[in-house]
Amino acid sequence: MVKKICCIGAGYVGGPTMAVIALKCPSIEVVVADISVDRITAWNSDLLPIYEPGLEDVVKKCRGVNLFFSTDTEKHISEADIIFVSVNTPTKTCGIGAGKAADLTYWESAARMIADVAKSDKIVVEKSTVPVKTAEAIEKILTHNSKGINFQVLSNPEFLAEGTAIQDLFYPDRVLIGGRETPGGQKAIETLKEVYSNWVPEDRIITANLWSAELSKLAANAFLAQRISSVNAISALCEATGADITVVADAVGKNTSIGPEFLSASVGFGGSCFQKDILNLVYLCECHGLSEVALYWKHVVQMNDYQKDEVCRAWVVASMFNAVSDKKIAILGFAFKKDTGDTRETAAIDVCKGLLREKAEISIYDPHVTEDQIQRDLTMNKFDWDHPIHLQQMSPSPVKQVTVTWDAYEATKGAHGICILTEWDEFKQLDYKKIYDNMKKPAFLFDGRNVVDPEKLREIGFIVYSIGRPLDAWLKHIPLTEDDKRKRVKHF
Ligand code: UDX
Ligand code: ADP
């Protein structure tokens with residue numbers, strides 16, 4: 001019978017997941033622990049550290065009842081029956097596997113702490129995405145320091161998507177639990193299964209061995225990302241031929257074997273998972289000598305980089321006479337998708353950095369991203385975002401060409417062009433006539449999410465570019481020169 005659960009890491013995964021477990025399992029005490037004092041203070045305040053629809057309600061119902069947020073990780077680890085580990089797994093920036101392999105520093109330090117402070121048997125659950133075979137490494141750390149304590153490591157990957165996390169947790173497509181094929185491993189699987197059985201139907205709980213569970217998470221994210229890169233590749237062809245990607249995607253998605261989800265062409269996928277997980281998969285393939293397989297998945301990331309580059313270079317810069325220096329470009333939306341304030345790997349970072357290299361002045365509006373976060377994102381090096389928040393908290397010197405506003409009308413005032421980079425619903429409702437009247441002419445609008453009706457905006461007077469849709473006569477796709485191609489920032 002599970003009495004207490006502790007989760008190490010109070011982030012986008014740990015926070016919402018534990019809040020829902022606490023709500024659905026009133027007899028279990030759930031504690032979420034983190035090394036970041038600021039994060040824990042925010043979880044205990046009225047202004048939660050992450051924006052997620054429905055989260056506040058769940059936290060308010062359980063906080064102080066059977067849900068607690070604490071920095072005293074050691075105490076709660078020692079008291080817990082089950083320990084979820086949901087810490088950062090950044091992409092390595094140096095050494096072997098740099099740019100692809102996961103850096104397990106934070107995971108290892110969490111495992112060492114568990115081994116040090118545990119006084120009774122524990123089930124340790126991998127929650128954050130980890131490379132395949134991480135469980136084996138964690139088992140080694142735990143058992144070599146265990147003082148006779150029995151540790152069982154389980155893999156229980158999180159499949160929630162930000163923006164819909166609470167609904168995804170309430171009604172999951174599936175819960176996947178992987179463990180050792182030993183009696184101890186099977187018993188641990190059953191114990192965790194009992195926790196989920198409080199609200200998840202039994203036929204949605206899949207049990208597996210550790211490696212299948214770990215690999216399923218990477219594979220699921222790679223498949224989703226691949227769909228986006230595929231639809232984005234077709235969107236480029238639509239622009240070249242005069243076809244419309246929204247029509248093509250609809251027709252393709254009507255095939256029941258394909259389905260309609262994840263077929264929205266965009267400025268490129270972002271988020272903490274897709275790129276990182278594919279890079280992990282690529283590294284795993286390379287380590288097993290599967291270079292052709294590695295190459296196949298690499299292209300999904302390369303296509304995404306191409307898409308982000310193209311929006312900046314071929315559309316914004318080229319259509320504005322190859323000269324955006326000192327021109328004001330308004331950026332509407334900075335988060336990696338709507339209904340989240342998360343900016344990790346958001347396409348907006350690459351587009352903005354591209355425009356800044358061209359010496360444009362940019363004015364950014366996003367309903368849920370702070371100025372501080374935007375400035376930090378635009379000054380941070382690649383892959384640095386995934387280091388614990390307290391390390392990032394030095395104030396960046398603000399990028400001078402960037403202003404951040406709390407209003408779309410303010411951001412677009414006096415601008416030569418607008419780039420819509422996140423599909424926030426409110427961008428569909430803006431008064432574009434008012435925006436147009438306050439802009440420099442000709443007024444350009446680059447819709448990287450297909451949220452506006454291009455025909456209506458053309459009637460107002462805008463020159464409109466919508467991803468994968470028939471172009472304005474003004475806009476003509478200008479292919480990359482070989483020199484441009486060489487200069488493109490590469491992952492590999
Ligand atoms: C993803 C997976 O969906 C989830 O199952 C996994 O557990 C974690 O990673 P998340 O990163 O929160 O979730 O967001 P998701 O909705 O998958 O979107 C990722 C990116 O793809 C966003 O930038 C989004 O805008 C983009 N996207 C998504 C598209 O460009 N087109 C689409 O059709 C769908
Ligand atoms: P995710 O999206 O996977 O939840 P986040 O970066 O949002 O990732 O959250 C990871 C959290 O883990 C951060 O708040 C970080 O401070 C925390 N963390 C990292 N290492 C440790 C550790 N050893 N002990 C406690 N918390 C940790």
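Both counts, for ligands and for their atoms, begin at 1 and track the order of listing. Atom set for the values below is all heavy atoms of this structure, side chains included, hydrogens, waters and symmetry mates excluded.
Scanning for ring pair (Phe, Tyr, Trp, His ring centres under 6.0 Å) contacts around Phe68 gives an empty result, with sequence neighbours left out. For Tyr365, there are no ring pair (Phe, Tyr, Trp, His ring centres under 6.0 Å) partners two or more places apart in sequence or in a different chain.
Residue Ser272 places no N or O, backbone or side chain, under 3.5 Å from any N or O of ligand 2. On a distance-only criterion, Ser128 and ligand 2 share no N/O pair closer than 3.5 Å. In terms of polar-atom proximity, Ser36 is not counted as a contact of ligand 2, lacking any N or O under 3.5 Å from an N or O of the ligand. The shortest N/O to N/O separation between Val13 and ligand 2 falls below 3.5 Å. The distance criterion of under 3.5 Å between nitrogen or oxygen atoms is met by Tyr12 with respect to ligand 2.
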N/O donor to acceptor pairs below 3.5 angstrom from side-chain atoms of residues 75-83, sequence neighbours left out:
unit_1: Lys75; atom_1: NZ; unit_2: Glu79; atom_2: OE2; d: 3.4
unit_1: His76; atom_1: ND1; unit_2: Lys4; atom_2: NZ; d: 2.9
unit_1: His76; atom_1: NE2; unit_2: Ser70; atom_2: OG; d: 3.4
unit_1: Ser78; atom_1: OG; unit_2: Lys75; atom_2: O; d: 2.9
unit_1: Glu79; atom_1: OE1; unit_2: Lys4; atom_2: NZ; d: 2.5
unit_1: Asp81; atom_1: OD2; unit_2: Lys3; atom_2: N; d: 2.7
unit_1: Asp81; atom_1: OD2; unit_2: Lys4; atom_2: N; d: 2.9

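For Lys24 and Tyr196, the positive end is not near the middle of the six-membered ring at less than 6.0 Å and at most 45° from its axis.
Taking a cut-off of under 4.0 Å to the non-hydrogen atoms of Ser109, the atoms of ligand 2 that pass are 23 (N). Residue-ligand proximity, Gly11 to ligand 2, at heavy-atom distances under 4.0 Å covers atoms 4 (O), 5 (P), 7 (O), 9 (O). Close contacts between ligand 2 and Arg344 involve ligand atoms 1 (P), 2 (O), 5 (P), 6 (O), 7 (O), 8 (O) [criterion: under 4.0 Å to a heavy atom].
The pair Lys308-Asp305 meets the salt-bridge criterion, since a charged nitrogen lies less than 4.0 angstrom from a carboxylate oxygen.
The aromatic rings of Phe262 and Phe274 lie tilted to each other, with the angle between the two planes from 30° to 60°.
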Report task. Please report the C-alpha distance between Lys338 and Thr340 in whole Å, then the side-chain angles of each, then the deciding distance to 0.1 Å, and finally whether the side chain to side chain donor-acceptor pair (under 3.5 Å) criterion is met. Result -> CA-CA 6 Å; Lys338 74 171 181 178; Thr340 178; over 6 Å; no
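For Asp425 and Gln429, the side-chain atoms include no donor-acceptor pair closer than 3.5 Å. For Ser36 and Asp34, the side-chain atoms include no donor-acceptor pair closer than 3.5 Å. Using a 3.5 Å distance cut-off with no hydrogens or angles, the side chains of Asn304 and Ser229 do not pair a donor with an acceptor. Neither side chain, Lys100 nor Asn280, offers a donor N or O lying under 3.5 Å from an acceptor on the other. Side chain to side chain, Thr41 and Asn44 fail the donor-acceptor criterion of an N or O pair below 3.5 Å.
For atom 20 (N) of ligand 2, the candidate residues are Val87, Asp38, Ile8, Ile77; the nearest heavy-atom contact is made by Val87. Of the candidates Ser86, Cys7, Pro49, Gly15, Ser86 brings a heavy atom nearest to atom 10 (C) of ligand 2. In the candidate list Ile35, Ile114, Val85, Ile35 is nearest to atom 22 (C) of ligand 2, counting heavy atoms. Among Met113, Lys276, Arg39, the residue whose heavy atom sits closest to atom 5 (P) of ligand 2 is Arg39.
Contact residues of ligand 1 (protein heavy atom closer than 4.0 angstrom to a ligand atom; sorted by chain and number): Glu158, Phe159, Leu160, Ala161, Glu162, Lys217, Asn221, Leu224, Ile228, Phe262, Leu263, Ser264, Ser266, Phe269, Gly270, Cys273, Phe274, Phe336, Lys337, Arg449.
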